Amino acid sequence: MSDILAENLSGKAVMGSDGTELGMLYNITMDLKSGELDEVLIEPDEETMGRNVSLDTDEAGRYRVPVQAVQAVKDYIVVSR
């Protein structure tokens, strides 16, 4: 994947590889020891919250997706499902 500045990702919409809109990018976590990116946190939209989305969530209800699941970053961030 090409280099992308974090400021260009702020508030970007996230979609599953199956075409399901998941919400908006909330944050990206990293391992402080290794410096490797860890997870993408997605703030679900109201429509997504009513669906059965089989993704792990944090204590605030945001979806937790491993960075390895990110397939593309263009108009949407696409994650494998």
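From a predicted model like this one, the values you see are computed outputs, not experimental measurements. What you see below is based on every heavy atom in this structure, not just the backbone, and it leaves out hydrogens, waters and symmetry mates. Starting from 1, each residue takes its place in the sequence as its number.
Cluster annotation: Val70 is connected to Tyr63 through the hydrophobic network of ILVMFWY side chains, with a link wherever side-chain heavy atoms come within less than 4.5 Å.
Annotation for Gln71 and Ser80: closest pair NE2-CB, 3.2 Å, computed over non-hydrogen atoms.
With sequence neighbours excluded, the residues that form a side-chain contact (heavy atoms from CB on, under 4.5 Å) with Asp58 are Leu41, Ala60, Arg62, Arg64. Under the rule for a side-chain contact (heavy atoms from CB on, under 4.5 Å), the partners of Ser34 that lie at least two apart in sequence or sit in another chain are Asp31, Glu36. For Asp75, there are no salt bridge (Lys or Arg N to Asp or Glu O under 4.0 Å) partners two or more places apart in sequence or in a different chain. The side-chain contact (heavy atoms from CB on, under 4.5 Å) search around Leu37 returns Ile28, Met30, Val67, not counting sequence neighbours.
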- Task: Begin from the C-alpha positions of Tyr76 and Glu21 and carry the test side chain to side chain contact (heavy atoms under 4.5 Å, CB included) through to its verdict.
- Result: CA-CA 9 Å; Tyr76 285 86; Glu21 291 191 29; 3.5 Å; yes
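A donor-acceptor pair under 3.5 Å is formed between the side chain of Thr29 and the backbone N or O of Glu39.
In this structure, Val79 and Val14 have side chains that are in contact, with non-hydrogen atoms separated by less than 4.5 Å.
To the nearest 0.5 Å, atoms CD1 (Ile42) and NZ (Lys12) are separated by 13.5 Å. Here the CE-CD1 distance, from Met15 to Ile77, works out to 11.5 Å after rounding to the nearest 0.5 Å.
Partner Val65 forms a side-chain contact (heavy atoms from CB on, under 4.5 Å) with one of Leu55, Leu22, Leu25 and no other, that one being Leu55.
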